[in-house]
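First the structure, in the form of structure tokens, and then the observations on it.
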Amino acid sequence: MQTPLVEMDGDEMTRVLWKLIKDSLIFPYVDLKSEYYDLGLPNRDKTGDQVTQMAADAAKKYGVAVKCATITPNAQRMEEYHLKEMYKSPNATIRATLDGTVFRTPIVIDSIHPVVKNWKKPITIARHAYGDLYKATELRVPGPGKAELRYTGADGTTFNKTVYDYECAGVLQAQYNKDSSIESFAHSCFKYAIASRQDLWFSAKDTISKQYDQTFKQIFQSIYEESYRKEFERLGLTYFYTLIDDAVARVIRSEGGFIWALKNYDGDVMSDMVSTAFGSLAMMTSVLVSPDGNYEYEAAHGTVTRHYYRYLKGEKTSTNPMATIFAWSGALRKRGEKDDLPDLRAFADRLEKACLDTLNAGVMTKDLASLAEGVAVTPVDSEEFIAAIKSRLDA
């Protein structure tokens, strides 16, 4: 390696696996250069969450990052970790800094067949990584009264609309987005589709959301016509927009093998649906891509809290580390591409092949063992699974 990649450590069981993966599958083979940031919740609390912004800025500086799963605290976590405040999602901070789009793709193996029987190829979810529900402002409305949406322009002009005349208590939420972020989302999606030679679908609900969702639709179409139509047609690729309810039906009937672009919350939900239908959330890669070519790789799943509590009791756990390993291989491959290091790229390929060969031989964690067909299954715990991958990597 010549240039560091940015390493962001995380929480709970995935933090345990993070160290095990580095010790067994990275350090023996790679002279790892990384700029390390501890995004574990205790350190985020200690630094007032400044460490998260520092890590995001470093990812923008060096262009390649790899991230462990982290906790976004709720009231229960506030009490459990004795936090000073309820910190925001680290992923949201990183996404906003990089102005990126999250692309999530299932890891497919021969012995596990998708629940949707006609799916033959992976479906990649492209999730807009800015605004909407994740940056919303909320109020608990205590009783009767008028809720209004008000805008004051930089030139002093104002306008407002009544949201609702409450006759009782309720809730109120205001979401936002901005053209520049939607434009970045569109550019990232079109570029990723061209690079991966896949059709691109985009869906929202512009028939109901006649300003908010329609803006997404119009920006996508405008950018496609101005910048990407000719290249799509040259490559024989298709781009189209459809309503999200129609898209869901089309996705279920499809064979897969395309990119499905979605707004922030829709992408969050649908990536979980797609990964589970293909087998397991632990078999889902995730990469944040910015329009200017910065990449941040992570697992699509959370910190596996239930297994972590068992681990603290000294019990063996069968947590699936595949998505975290593929986060490392993806980051190392991209660092190798950016710095023209063919050996590093080749190592990333071999690491992924060793993982897939292990699974195809029937050696797998319990979440996959119950799904596998047509292969003699050997259920193993996490350490045994990583050891089996290492033996194939050495071979």
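Along the sequence shown, the residues carry numbers beginning at 1.
Side-chain contact, Y29 with D394: a donor N or O sits under 3.5 Å from an acceptor N or O. There is no side-chain donor-acceptor pair under 3.5 Å between Y130 and D99. Donor-acceptor pairing under 3.5 Å is recorded for the side chains of Y87 and D45. Defined by atom type and a distance below 3.5 Å, a donor-acceptor pair is present between the side-chain atoms of D132 and Y212. Checked by atom type, the side-chain pair S203/W260 shows a donor-acceptor distance below 3.5 Å. With no hydrogens or angles considered, a side-chain donor-acceptor pair links T365 and D367 at under 3.5 Å. For the residue pair Y241 and D206, a side-chain donor N or O sits within less than 3.5 Å of a side-chain acceptor on the partner. For the residue pair D49 and Q53, no side-chain donor N or O sits within less than 3.5 Å of a side-chain acceptor on the partner. Side chains of Q218 and S222: a donor-acceptor N/O pair is absent below 3.5 angstrom, by distance only. Neither side chain, T14 nor H301, offers a donor N or O lying under 3.5 Å from an acceptor on the other.
For the salt bridge (charged side-chain N to carboxylate O under 4.0 Å, His left out) with D38, the qualifying choice from K46, R15, R44 is R15, the only one to do so.
Using a cut-off of 4.0 Å between Lys/Arg side-chain N and Asp/Glu carboxylate O, E233 and K230 are scored as not salt-bridged. Between D213 and K217 there is no salt bridge, since no side-chain N of the basic residue sits under 4.0 Å from a carboxylate O of the acidic one. Looking at E352 and R333, a side-chain N of the basic residue comes within less than 4.0 Å of a carboxylate O on the acidic one, giving a salt bridge. Using a 4.0 Å cut-off between charged nitrogen and carboxylate oxygen, D245 and K205 count as a salt-bridge pair. A salt bridge links D246 with R250; the closest basic N to acidic carboxylate O contact falls under 4.0 Å. Look at E35 and K61 and you find no salt bridge, because none of the NZ, NE, NH1 or NH2 atoms lies under 4.0 Å from a carboxylate O.
The aromatic rings of Y295 and Y297 sit parallel, their planes meeting at an angle under 30°, below the 60° perpendicular limit.
Under a 3.5 Å cut-off, the side chain of E384 and the backbone N or O of D381 do form a donor-acceptor pair. Of the possible polar contacts, none joining the S227 side chain to the Y224 backbone as a donor-acceptor pair under 3.5 Å is found.
Contact detail for L172 and V163: the closest heavy-atom pair is CD1-CG1, 3.9 Å.
Note on F216 and Y134: separate hydrophobic clusters, where clusters join Ile, Leu, Val, Met, Phe, Trp and Tyr whose side-chain heavy atoms are under 4.5 Å apart, directly or indirectly.
Counting heavy atoms of neighbouring residues, nucleotides and ligands inside a 6.0 Å radius, atom CD of E79 does not exceed 12 of them. Within a 6.0 Å sphere centred on NZ of K353, other residues, nucleotides and ligands contribute 12 heavy atoms or fewer. Heavy-atom neighbours of K84 NZ from other residues, nucleotides or ligands within 6.0 Å: above the threshold of 12.
Aromatic rings of F190 and F220 (six-membered ring for Trp) have centroids within the 6.0 Å cut-off, being under it.
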